[in-house]
There are 2 protein chains.
Amino acid sequence: MLCVDTTQLLKGVLDLAVLAALRDEDGYGYDILRRLRAAGLQDVGDASVYGTLRRLFTGGFLNTYVVPSDEGPHRKYYALNAAGRAELDRNGKTWREFASTMNDLLGDRGIV
Amino acid sequence: MLCVDTTQLLKGVLDLAVLAALRDEDGYGYDILRRLRAAGLQDVGDASVYGTLRRLFTGGFLNTYVVPSDEGPHRKYYALNAAGRAELDRNGKTWREFASTMNDLLGDRGIV
DNA sequence: CACAGTACTGTGCAATCCGAAGTACCGTCA
DNA sequence: TGACGGTACTTCGGATTGCACAGTACTGTG
């Protein structure tokens, strides 16, 4: 479809969303998935989140450590490092500017 | 790169941006390109805009007509039709919701 | 032991944006 | 006349990225 479906909107923003989900607390993939869905991103697929985490990790924005779990397989925790926080700030700013540009284009008619 | 570069942010929003650019006035590709760039989307490529216009047209959201020009080749004008306006409304709403979700995630700390 | 739930990995597909190159038309300047 | 720059559009191939699907592996329960 054309349409602005959430799938397409997510492109390029998922990185930012995942960084933001890790801002206050370390987390492992499955949990981050739940955080994002709870936050309103109902449609994120699990594979997307895991992929993003790996991408951010190889990009050097995350540290990782494994924690065994009592109730299932091990959990691979991810944590923001300095580069990650810098990324989060930068990308957050880019996002805000972009969003504001779009709102202007859309006519900026008041409230959501 | 990772990073939220505007290129990636545009994905899935360009349709909406183009629809918005046509809301008040018909336009042809080259002109819409200028409108978008003037609005702040400096980095849109021409091919993207032309491609989007064609996609929106085949999707049934735009009408089109050709106007010869005194100062160059013909211009293929595009105009929103009823379906296009409906799309614009719907997608605009989706965008606003999505943007608001993202802002929540980001911590919604005040100013742009 | 089968099964459901948790947690992660790998593969291949589809969508879409972009750069580059190409076509074509116009007016100007030499 | 011919070269050139600006306008306007098309086509092609490359690159990212999100997702569905399938598969691995560990846990506790019936």
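Just the heavy atoms: all of them, side chains too, but no hydrogens, waters or symmetry mates, feed the values below. Chain A is the first sequence line, chain B the second, and so forth, proteins listed ahead of strands; every chain is numbered from 1.
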Novice: Atom CZ of Arg54(B) and atom P of dT10(D): how far apart are they, to the nearest Å?
Specialist: 5 Å
Novice: Please give, in whole Å, the distance from dG18(D) P to Leu36(A) CG?
Specialist: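 Distance check: Leu36(A) CG to dG18(D) P gives 12 Å.
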Novice: Could you give the OH-to-P distance, from Tyr78(B) to dC9(D), as a whole number of Å?
Specialist: 7 Å
Novice: Calculate the interatomic distance between Leu16(A) atom CG and dG18(D) atom P; express it in whole Å.
Specialist: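 The distance from CG of Leu16(A) to P of dG18(D) comes to 11 Å, rounded to the nearest Å.
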Novice: Rounded to whole Å, how long is the line connecting atom CZ of Arg35(B) with atom P of dA8(D)?
Specialist: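 That distance rounds to 12 Å.
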Novice: Taking only the side-chain heavy atoms of Arg55(B) (C-beta and beyond), determine which of dC17(C), dG18(D), dT10(D) contains the nearest atom.
Specialist: dC17(C)
Novice: Any sub-3.5 Å donor-acceptor pair from Arg37(B)'s side-chain atoms to Val44(B)'s backbone N or O?
Specialist: yes
Novice: Please report, rounded to the nearest Å, how far the P atom of dT16(C) is from the CD atom of Gln8(B).
Specialist: 13 Å
Novice: I'd like to know if the side chain of Asn81(B) and the backbone of Gly60(B) have a donor-acceptor N/O pair within less than 3.5 Å.
Specialist: yes
Novice: Hydrophobic cluster membership, with links at side-chain heavy-atom distances under 4.5 Å among I/L/V/M/F/W/Y: are Tyr28(B) and Val67(B) in one?
Specialist: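 Same cluster.
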Novice: If the sugar-phosphate is the primed atoms plus P, OP1 and OP2 and the base is the rest, what is the B/S/- string for nucleotides 20-30 of chain D, using protein heavy atoms under 4.0 Å?
Specialist: BB---BBSS--
Novice: Using whole Å, what does the distance between atom P of nucleotide dC17(C) and atom CG of Leu53(B) come to?
Specialist: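 The answer, rounded to whole Å, is 12 Å.
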Novice: Between Tyr30(A) and Lys11(B), which has a closest nucleotide on DNA chain C that is more 5'?
Specialist: Tyr30(A)
Novice: Does Val18(B) offer a backbone N or O that forms a donor-acceptor pair with the side chain of Arg23(B) under 3.5 Å?
Specialist: no
Novice: Under 3.5 Å, side chain of Thr64(A) to main-chain N/O of Tyr77(A), donor-acceptor pair present?
Specialist: yes
Novice: Please enumerate all residues that pass salt bridge (Lys or Arg N to Asp or Glu O under 4.0 Å) together with Arg35(B), with sequence neighbours excluded.
Specialist: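 Once residues adjacent in sequence are excluded, the partners of Arg35(B) under the salt bridge (Lys or Arg N to Asp or Glu O under 4.0 Å) criterion are Asp31(B).
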Novice: Within the structure, does a side-chain N or O atom of Thr52(B) lie under 4.0 Å from either OP1 or OP2 of dC17(C)?
Specialist: yes
Novice: Excluding sequence neighbours, so at least two apart, what forms side chain to side chain donor-acceptor pair (under 3.5 Å) with Asp43(A)?
Specialist: none
Novice: Return the value, rounded to whole Å, for the distance between atom OH of Tyr28(B) and atom P of dA8(D).
Specialist: 4 Å
